[in-house]
Amino acid sequence: MSACVPTRPTEPTDPATPERLHQPHSPPPAPRRRFHLAGADVSASIAVFLIALPLSLGIALATGAPLQAGLVAAAVGGLVAGRLGGSALQVSGPAAGLTVVTADLIHRYGWRTTCAITVLAGLAQLGLGCLRVARTALAVSPAIVHGMLAGIGVTIAVAQLHIVLGGTPQSSVLANLLALPAQVAAVRPAALVVSTLTLTLLLLWPRLPGRAGRLLRKVPAALVAVSGATAVAALTGLNLPRVALPSWSSHALAGLPEGPALGLVAAVLTITLVCSVQSLLGAVAVDKLVASRATSPDEAQPADGTGSRSTAAAKASSAVTGSTSAAPSPATAPSTPRVARSDLDRELLGQGAANIVSGALGGLPIAGVAVRSSANVRAGAVSRNSTMLHGVLVVVAALLMVPILELIPLAALAALVMAVGIQMVSLHHIRTVTRHREVLVYAVTTLGVVFLNVLQGVALGIAVAVATALHRLAHTRITHDEKEGVHHVRVRGQLTFLAVPRLSRALHLVPHGAPAVVELDGSFMDHAAYETLQDWQKTHTAHGGTVEFGGRRPGLRIAEPVIPHADEDADCRCGPWTPWRNHQCDLTSLTPTGTGDVDRRPDTGTATSTGTETATGIGTDPAAAESTRLDSADAQTADVAHEDTDERRNGHPDRKETDPHPQPTTHQLVRGISAFQRNTAPLVRDELERLAREGQRPSQLFLTCADSRLVTSMITSSGPGDLFVVRNVGNLVPLPGEDSGDDSVAAAIEYAVDVLEVRSITVCGHSGCGAMQALLNAEPGEAHTPLRRWLRHGLPSLERMADDGRPWARLAGRAAADAVEQLCLTNVVQQLDHLRAHASVDRALRAGALELHGMYFHVGEAQAYLLTEGRVFDHVRPVDVPA
C-alpha cells in the first residue's frame, strides 16, 4: 500500500507573508506579464454586453431619462466600477432597482439636477467606503430588502404596462392604476403585438428543448426578444415609436442642483442607500456563485441569510439571460484561476467613483446588477477584465451602432423592463419571510415603496421590523397546570422584567410543600426575572416543597431535592441528549445527600437536560430556532467534552468496558423513549403536527457514513423536516446501472431530487472511517462477504488516490494525517463524480435547480471542512457566515 501513502506534502501559503521575488545565488525570475486577457473573459464580456445593451436602453426609457444616459451608465459601470470595485466579477450599470427613484427625481427636479444628485450620492458612497462601514449595510433585515425590491418591481411593471399597451405612464402607481381601464380601452394593436412577441420570446427561449435548444440558449433571451420584435416591426412596417438617440454633441451633462435643500438631501440619501445596499448584497451573491463553480456547473442557490436576499434575484435572471450551462465543467474546475472574495469597502468606493463619473457625464445612477453579474459568472469569467471589456463594447456600440439601435420599438423595451419588474416580486422571497414570520415587515415595506417612495417605504419597514423584534422580546407565554400531583410552570419566550408580574402570579399558584417543575423555554433572562425565580425557589423549598428547573437555562444551579419520575431511575441523571452518550450513567459519581437527594454536577447545575429542545431548534418561537440551534450545539459539545475529561481523570477511559452493571438494551431503549415523550415531545409536537399536515419539504439531501459518531442534526444545526438523510458504510454513491448500481441509494437520490426537489446534495466523509481503512487493508483472495461486495463501490476512490496524474484532495492549512485520511478526502470527491452520473442529478444540475457540496468532518477536532476550489477542504468558521 505504499503507493497510497501521501508523499506530496502541501504547504499552505499565507497571504499576509510577502512573497520573495529572488532567491540568493539563483537566476533572476522571468518578468511578469503586466496584462493578460483570458479567452473566458472575452466570451463572458460579449455575453454580458448582449444583455446590457437592451436593458440599459429599457431602464433609461422607464425612468424618462435620455436614452443615451443608459448607455453612459453601462459603459461607466463596466470601466470605472469594474476597475476600482472590490468585486472582480460583479457587473455594474443602470439597475432596475433605481428606476422608480430616478424617475421621481427627473419628474421633480429635471435631468441635469438628477445628474448632480447622482454625483453627490457618489461622493457620499466614497465617504462611507472610507469609513469602512460596508458590512453595516448587510445588517438590514432581508424582509426589508425583499420588500423594497418587490415594491420597485410593482411600480416598474405597472408603469411599463401603459407603454406596452401603446400609451404613456403617469407619475405614480395610483395614477397608473386609475388610468389603466381607459388605456386598455384605447390600446394600440401594433404596440400590443410587438410587446406580446417580446414577452413570448423572453419566456420561451430559455425553455427550448433538445441539443439544438441547448446551443441556442447560449444567446441571451433578452437580446433574442428585442431583436425578434425589432425585426418583425421592421419587416411588417408597423408604425410605432422607436428609439431616438440624438447626437452626442447635444447630450445633457450634470448641472448645479436646483431645488429645496431638504429635498435634495433626501434624494441623495435615497440614491446612496439603494445603490449601496443593492451593490453590496450583489457582491455577496456573486461570491456565492463563484464559489459554487468548484462543485457545481451552475450557480449557487443558497438558503439563509444574506445570500438568500440576492440569490433569488440572480436565479430570476436566468429567464432574462437564457443561459443555463455556460460555466466550466467540474473536470476543469481545478485549472480555473482563483477569484478573490469581494472587498466590500473597496466595492463601495468603486461604486461611488462610478456614480461620480456617470453623473458628471450625464448618465443614470449605477449599482451592481444581478442579471448581468450572474450571466458574467455563468459565462466563465475569471477576472475583472470581462466587466471592463463589456464597458468598452458598450462604448463602441453607442458610437457605431446608432442606426441599428434606432430601429428598436419602445414597446419592446417596455415589455423587457416590465418582465424584469415582475421578476423582482419573488415568490421565493415571500415564502421565506412567511416562514420566518416577517411577512408584515415585507408587506409594509412593499406598500410603502409603491404608494409613497423608496426612502419612506424602507423607513416604515425598519420601524415595523424594530417593533416586531421588541414584541417578540416582550411577548412571553406563562402557563400553569398540575399533572399527577406535580405542578408545572412553563415559560415560553424571553423572560424580562415585563413578564415578572405574570410569572409571579403563576408561581404563587403552586401550593406550599408541593413538588414543582419550572420549564424555561427562552434564550434570555434579565436580572429582575432571575431574582424573582430565586426568591420564590428559596421560599417554596423552605416550606417543604421541591423545585426542578428545565428548559433552556443551563446556568441555574439547583441544589434542592428533586422528585424523580416514575419511569426514571432515582440514581440516574440522564437527560434527552444522553442517548448520544450511550446512556451509560456514571453511577459512582452520584453522591447521596442523606435524604435521598441527588447532588448535581457543578458543570451542568440543572436537574433536567436542556439539550433536546435546543438541539432541534423547535419551540414556541420558530423565529429564534436558528440561533438557538447554534448556541445549544456549542453547549452540548462543551458538556460532553467536560464529562469525557472527568472520566479520564477518574480512570474510566471507556465506560462500556468498566461499567460493572451494564443495563439491558431494552431498558435503555424504553427509558430513552420515555425521556423523549416527557421532555421533548411537548416541545416539538406543534412543529411535527405541521410537518405531518403539510408533508416533508427538506432542502438538502445529506449522504453520509453510518458511523455512530456522526450526528447529522448536531453537525448541521438542523431539525425535523430539514434534511433528507441517507447513511451507508463509507458514504458511497454507486454508479447507476444494473451491474454496478445499488437501488437503495439510487432510489433515495431519485426521490430526493425528482419528488422532494431538494436544492442541494451534500456528501459527507469523516475521519477514522472504518470503510476506508478496510479498503486500504484489503488483501487479494478475501471472502466475498456482503461488506466486501459493498466496498467495491469504493475502489474508484482508491484508484483515484493512487493516480499521480490527478491532483490530490487536501485539507486547507495542513497535509493529510495519514493514508486513511487522504482516502477519506478523495472518496468525497469521487462520490460527487458518481452523483453527477445519475440521470436525475444531471437534469437538475443542467436546469440550475441543484448544487453539490463535499464535506469532511474531523471527529476528534469537532471541525467541519467544506470542499472549495482546487479540491481543497477548508475550515468552516463563524466568520464565514455572512452578517
Side-chain angles (χ1 to χ4, degrees), residues 35 37 41-85 91-95 102 111-112 114-115 118-119 122 219-220 222-227 229-231 233-234 241-255 353-366 369 371-372 375-376 379 381 384-410 412-413 416-417:
F35 179 77
L37 187 60
D41 284 334
V42 175
S43 60
S45 67
I46 296 174
V48 176
F49 161 73
L50 295 177
I51 299 169
L53 191 63
L55 279 179
S56 299
L57 293 172
I59 292 172
L61 173 67
T63 60
L67 295 183
Q68 296 102 317
L71 300 177
V72 170
V76 173
L79 293 171
V80 179
R83 179 64 184 88
L84 303 179
V91 182
S92 301
T102 309
W111 173 241
R112 293 171 63 86
T114 300
C115 292
T118 302
V119 173
V219 182
L223 178 67
V224 172
V226 174
S227 300
T230 301
R242 302 178 188 274
V243 169
L245 293 175
S247 172
W248 285 102
S249 59
S250 60
H251 179 63
L253 303 179
N355 274 310
I356 292 174
V357 175
S358 179
L361 297 179
L364 291 170
I366 289 174
V369 188
V371 174
R372 278 159 267 185
N376 193 35
R384 63 180 69 246
N385 291 334
S386 63
T387 303
M388 298 175 62
L389 184 56
H390 125 269
V392 173
L393 294 176
V394 172
V395 173
V396 173
L399 296 177
L400 303 180
M401 295 178 58
V402 173
I404 298 176
L405 298 178
E406 289 183 337
L407 296 175
I408 301 176
L410 296 183
L413 295 179
L416 175 64
V417 177

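Quantities reported herein were computed from a predicted structural model and do not represent experimental measurements. When reading the values below, keep in mind they use all heavy atoms of this one structure, side chains included, and skip hydrogens, waters and symmetry mates.
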What distance separates [X] [atom1] from [Y] [atom2], expressed to the nearest 0.5 Å?
X	Y	atom1	atom2	value
L393	M388	CG	CE	12.0 Å
L71	L405	CG	CG	6.5 Å
S45	N376	OG	CG	8.5 Å
N385	H390	CG	NE2	14.0 Å
L407	M401	CG	CE	10.5 Å

- Message: Among L364, I356, V357, which residue satisfies the side chain to side chain contact (heavy atoms under 4.5 Å, CB included) criterion with V76?
- Response: V357
Per-pair distances, 0.1 Å, donor-acceptor, side chain in residues 51-63, under 3.5 Å, sequence neighbours excluded:
from, atom 1, to, atom 2, distance (Å)
S56, OG, A52, O, 2.7
T63, OG1, I59, O, 3.3
T63, OG1, A60, O, 2.9
T63, OG1, A65, N, 3.3

Write down the atom of [X], the atom of [Y], and the distance for their closest heavy-atom approach.
X	Y	result
W111	G362	CZ2-O, 3.2 Å
A75	V395	CB-CG2, 3.5 Å
I366	G77	CD1-N, 3.6 Å

- Under 3.5 Å, side chain of S358 to main-chain N/O of A354, donor-acceptor pair present?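 No: the side chain of S358 does not pair with the backbone of A354.
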- Item | Side-chain (R384) to main-chain (G82) donor-acceptor, under 3.5 angstrom |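 Between the backbone of G82 and the side chain of R384 there is a qualifying donor-acceptor contact (under 3.5 Å).
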Taking the side chain as every heavy atom from C-beta outward, state whether [X] and [Y] have any pair of such atoms under 4.5 Å apart.
X	Y	value
T387	V48	no
L389	V42	yes
V119	N355	no
T230	P409	yes

- Message: Within the supplied structure, the quantity of interest is the number of heavy atoms (other residues, nucleotides, ligands) at a distance under 6.0 Å from R242 CZ; does it exceed 12?
- Response: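 For R242, atom CZ is crowded (more than 12 foreign heavy atoms under 6.0 Å).
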